[in-house]
Each structure stands twice: as C-alpha cells, then as structure tokens.
Amino acid sequence: MARTRSSSSSSSNRWRYCHPAYYLKRPKRLALLLMAFVCATLVVWDRKTLVREYEVEVSDLKEQINELRNMLDDSKDIKGSQQMYKSKREILEDPIDKERREKVKEAMMHAWSSYEKYAWGQDELQPQTKSGVNSFGGLGATLIDSLDTLYIMGLEEQFQKAREWVANSLDFNKNYHASVFETTIRVVGGLLSAYDLSKDKVFLEKAQDIADRLLPAWNSPSGIPYNIINLAEGNPHNPGWTGLNSILADSGTEQLEFIALSQRTGDPKYQEKVENVIVAINKTFPDDGLLPIYINPNSGSSSYSAITFGAMGDSFYEYLLKVWIQGNKTATVRHYRDMWEKSMKGLLSLVRRSTPSSFAYICEKNGNSLNDKMDELACFAPGMIALGSLGYAPEESQKFLSLAEELAWTCYNFYESTPTKLAGENYFFNSGEDMTVGTSWNILRPETVESLFYLSRITGNKTYKEWGWNIFQAFEKNSRVEGGYVGLKDVNSGVKDNMMQSFFLAETLKYMYLLFSPPTVIPLDEWVFNTEAHPLRIVTRQEGGRSQEDEQKPVIQFRNRRAGLLPGRD
C-alpha cells in the first residue's frame, strides 16, 4: 500500500509544474517562466533570422558566381571571335601581298648590307666601285634616312647597330655648307621619325642638335630662310645660281619637322621660325595659290620665275596640306588647308591632256605661257591630291580623287613607255605624240610609288599594287648590282650610274613595302609622312599653338619581324 501511494504522489508532483495554478500562486516562478519563454523565443527568432540572412547571402553569392561565369563565357566568346576575326583576316590577306612584301624586304637587306659593308657611316654608297662618298658633309645620310625603314620592316638587329652609330659617332660640328632643305628632310626628319617609332631619346637629342645649327638660316629680314648654312660656323647664304634668292620648296618644306621638334621638346622656337615663313607668304598669297620658285629673302616677295609642281616648287604645296593633317585638322591649322585649296584651284588651271591617248599631266608656267613638260618629281601630286580629297565635300572630293587617278596613270606610263620600264627625269607632251622622255636618267626616285601607296590605301583598288610591283621588278632587273642598287644614266639604253641615293632606302623601298602591307601598318589617321617619307606622329594642335600630346599611347615595340607589322593595329 505504502509503495503504491508513494508512486502516485511522485507522479502528481511531476505534473504540477504544467498546471497554471502552480505559477499563479507563486509570482516569482511565473516571472521566471515568462523570462525563460521570452529568451527561448528570442533564440528561435534570431536563429531563423540568421538562417534567412544566410540564405539571402548564399543566393547573392550564387548570382555573383553565375554572373562571373557568364562574363567568363562572354570573354571566351569575344576572345574566340577576335581570334576567328584575326585568323579570318590573316586568311583574307592576299598571300601575294605577303610574298611581295618579303621580296621588298629582301631588297632592303641587299641595299642595307651593301651600305654597311662598303660605306658604313658615310652619306651614300657607290655600288659599282663599292665605296662610300660624303655628298652631305659626312652626316651619315643613308644611315639616318634608313632608320625608320629598318624599324618598320622589323629589322631589329640592323636598327640597333645604326642606333649605336648615331649615339656614339654622329657629329654635326662640321665645316660644311649644308642645304637647309636636304638636311631638314633627311636628317631632322629621319631622327624624329626614329624617335616617334622607338621613343629612344638619343634620336630626339640629335635632332635638336642639328636643328639648332640650322636655325640661323631663318635670320633674314623677312623671315624667309636662306637655303645654305655652315654647320660649324652658322653663316647662312643663298647660292649664286638663284640670283641670291631663296627657293620656294626649300623655304616651305621645314614646317613638319620643326613643328614636330617643338612639340617633342617643348621649345617653341623651332615652330615659330618655320610658321613665320607661312605667315609672310600668306600676306601676298595669290588667289590661284601658285607661287614662282624664287623668293627674295629680304622683302619676302616672289621673284619672277617659273611656276611648277616639279623641282623647286613641289614640296611647298605638299606641306600646306600635311601641316593641316599633322595638327589633326583643327581650326588652329585651318589656314594651311585654305592655302592648299587655293593652290589646287591653281593646279587645275595647269592640267592638260595629251593626244591621242588623253594622258592628264601638269604643265609648268612661265609668265602667261604654259610649258607642256612634267617632271617625274611632280608624280608626288597624285598621292597628295588623293590625300587632300578626303577633306572636301563629297562631290568635290570625287572630282579631285578622279584627277589623282588620272595623273597616277600618266606617271605609271612614264615607266611603261621606256625599254627598261623605268621612268626618265622629265617628259614632254607634244601634240599627237603623247609623252616623250626629256632628261633620260633615273636615279631611283620614289614619287610615283608614293602616289600608288596613297591611292591604294584610299581607294582599295588593287591595280595600284600591280603597277607598283611592275616598277619594283624593273628596279630589280635594271638597278640591282652586286654592291647594292644604282640608277640609270639612260632609261632607253639601260646604262648604269654609280650611286645609290639615300632616298632609295628611305622612300622608294619603304613606300613599296607599305604598298603591300595592311593599312594598319603606319595608319594614315595616326601618322603623316614628311617629303622624305619619314612618318611623324599626328598631334592635335589647339588654340594658341598648343599641342595636345597623347602621352598614353603605347610605345611601339618590335614584333612579327617576318611581316614587319607594328602592334596596336592588328
């Protein structure tokens, strides 16, 4: 009995904690119970909140992971597309162009290795006698003229060896009466181009050194430069055969180089000197934009003489257009374009067509009479006109582009009309005879190839590449000798001379190489060529003559030596 009672009582005592009356009679225990309940509720609620937040975070992370995966997939797709595009473009690039480009590169190597072997450090090579000659006072004209060609073709070893010569052996302190024009376009231009391509400051320092020696040439009463100066003593003068006048082309073909030098060094004195020339000329610039080839350096006025787009006139007109391009076609350089457009109106008045084949050609003018003669030098004009046509309204643009194509056809026929398929120095157009060689030598000039390069780039017409290849083959057949390349004394007989002009490496072979290269190699919207074919980087000119240098552009490095391609554009 006792055990049974005791078990029942124990069970009753345990369940009493579940009865409300137990707590109502004991307020403290009720409070404890409520506190326990609240704590338990908070714990459960907090846990649910943490779980919910964790689930949200996990969901966000999953979304981010999915986004990253999508981005990675997109990146792979883009990269794949780029590779496909690149591969497609490489496939689409004409293999004939590649083959021809390599042939031109091999020709450059033959010319350069011959110079390196027989005339290293001298101005020019005489291939027949395998000797050098200092025709420019010993400034290493061929070496400096060739720097950018070597770079563009990817000939790194040759470029570096030439660079060491410039750094350690090039000396401008010479008692030599130098042509301001030739020294500017070959030496200053060549050094600046090498600097723009490589960013090696040794080239900029040397360019500034020679430019400082040339500057006294502009110390004339009018600001029109004298054309000859002694590099050591700085005494400028004009040659006697010009009647002590300055030459138009020689006076108006330093703007690109000296403006570029001021932009690269931050010293405005170079730009000021050469732009004062244009200011002086513009004061009396005629409505037809045509100037005689002689200018009086004292008064700044033109002297009675011939008007021509050939020798002694040519590059003045070229630089009016190209300074506008060099400044990125802003309002600051608009007056150059305006002057050039006036000159193009004048050029149209000089264009005639032959009989019976209707070859377009550019006459020379003496007073009021026209002379039916055209220099091969004037064959730069088709390229210039094509380049300038891009700045006209559509109808006018097409008119000038068509003229450029007509003139290029004429210049190509300067070559095709001779037994050697190389052009003479100038041609006459007599009624019923089309064209006849006047001065019959060929000194490896580049002007026709230059125009073919521009027209090929601008029109995309492959015909110009075919013409260029035919000209290259004619040089290979008639001008290549064991010791380099030579000109011809007579394009009819093929008799050879004994000189490899520096511009053959600087211009003829470079334009030929670029003719067969993709347009991404030295693109025309980023570079402008001086009259010696040295590419200079385009820099936007602002009001007041300030320049907006784009310092963020990557330094061009060597790459793809086989094709000579430059990075950043392929």
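Just so you know, these numbers use all the heavy atoms, side chains as well, and skip hydrogens, waters and symmetry mates. Keep in mind it's a predicted model, so treat the numbers as computed, not measured.
Between R264 and V539, some side-chain heavy-atom pair lies under the 4.5 Å cut-off. T308 has its side chain out of reach of M312: every pair of non-hydrogen atoms, C-beta onward, lies at least 4.5 Å apart. Contact check for L147 versus F203: side-chain heavy atoms found under the 4.5 Å cut-off. Side-chain contact between V274 and Q255: present, with at least one pair of heavy atoms (C-beta onward) separated by less than 4.5 Å. The side-chain heavy atoms of L290 and S349, taken from C-beta on, include a pair separated by under 4.5 Å. No side-chain heavy atom of N282 sits less than 4.5 Å from a side-chain heavy atom of D338. Here the side chains of K510 and M108 are not in contact, with every heavy-atom distance at 4.5 Å or above. Side-chain contact check for K342 versus D288: every heavy-atom pair is 4.5 Å or farther apart.
A tilted orientation is assigned to the rings of W409 and W467, their planes being inclined by 30° to 60°.
In this structure, a donor-acceptor pair under 3.5 Å is present between the side chains of E416 and Y412. Between N296 and S301, the side chains place no donor N or O within less than 3.5 Å of an acceptor N or O (distance only, hydrogens not considered). Residues T531 and E318 bring a donor and an acceptor atom of their side chains to less than 3.5 Å of each other. In this structure, a donor-acceptor pair under 3.5 Å is present between the side chains of N245 and S303. Side chains of Y361 and E406: a donor-acceptor N/O pair is absent below 3.5 angstrom, by distance only. Side chains of N426 and T439: a donor-acceptor N/O pair is present below 3.5 angstrom, by distance only. With no hydrogens or angles considered, a side-chain donor-acceptor pair links H534 and D145 at under 3.5 Å. In the model, K273 has a side-chain atom that pairs as donor or acceptor with a side-chain atom of N219 under 3.5 Å. Counted by atom type alone, T142 and S502 present zero donor-acceptor pairs between their side chains at under 3.5 Å. Inspection of the N530 and E532 side chains reveals no N or O donor paired with an N or O acceptor under 3.5 Å. For the 3.5 Å distance criterion, the side chains of D123 and S135 fail to qualify, holding no donor opposite an acceptor.
Applying the ring-ring contact (aromatic ring centres under 6.0 Å, His included) criterion to F453, with sequence neighbours excluded, gives Y511, F529. With sequence neighbours left out, the ring-ring contact (aromatic ring centres under 6.0 Å, His included) criterion links Y195 to no other residue. Taking the side chain to side chain contact (heavy atoms under 4.5 Å, CB included) definition, one finds that K399 meets it with L348, E396, sequence neighbours left out.
Within a 6.0 Å sphere centred on NZ of K269, heavy atoms belonging to other residues, nucleotides or ligands number more than 12. Sparse packing is recorded around CG of D287, with 12 or fewer heavy atoms of other residues, nucleotides or ligands lying under 6.0 Å away.
Between E93 and R101 there is a salt bridge, with a side-chain nitrogen of the basic residue lying less than 4.0 Å from a carboxylate oxygen of the acidic one.
Among pairs with a residue in residues 264-310, those fulfilling ring pair (Phe, Tyr, Trp, His ring centres under 6.0 Å) read F309-Y317, at least two apart in sequence or across chains. Applying the ring pair (Phe, Tyr, Trp, His ring centres under 6.0 Å) rule to pairs touching residues 371-403 yields Y392-F400, sequence neighbours excluded. Within the structure, salt bridge (charged side-chain N to carboxylate O under 4.0 Å, His left out) pairs that include any residue of residues 357-366 comprise E364-K373 (at least two apart or interchain).
Checked against a 6.0 Å centroid threshold, the rings of W218 and F258 count as neighbours.
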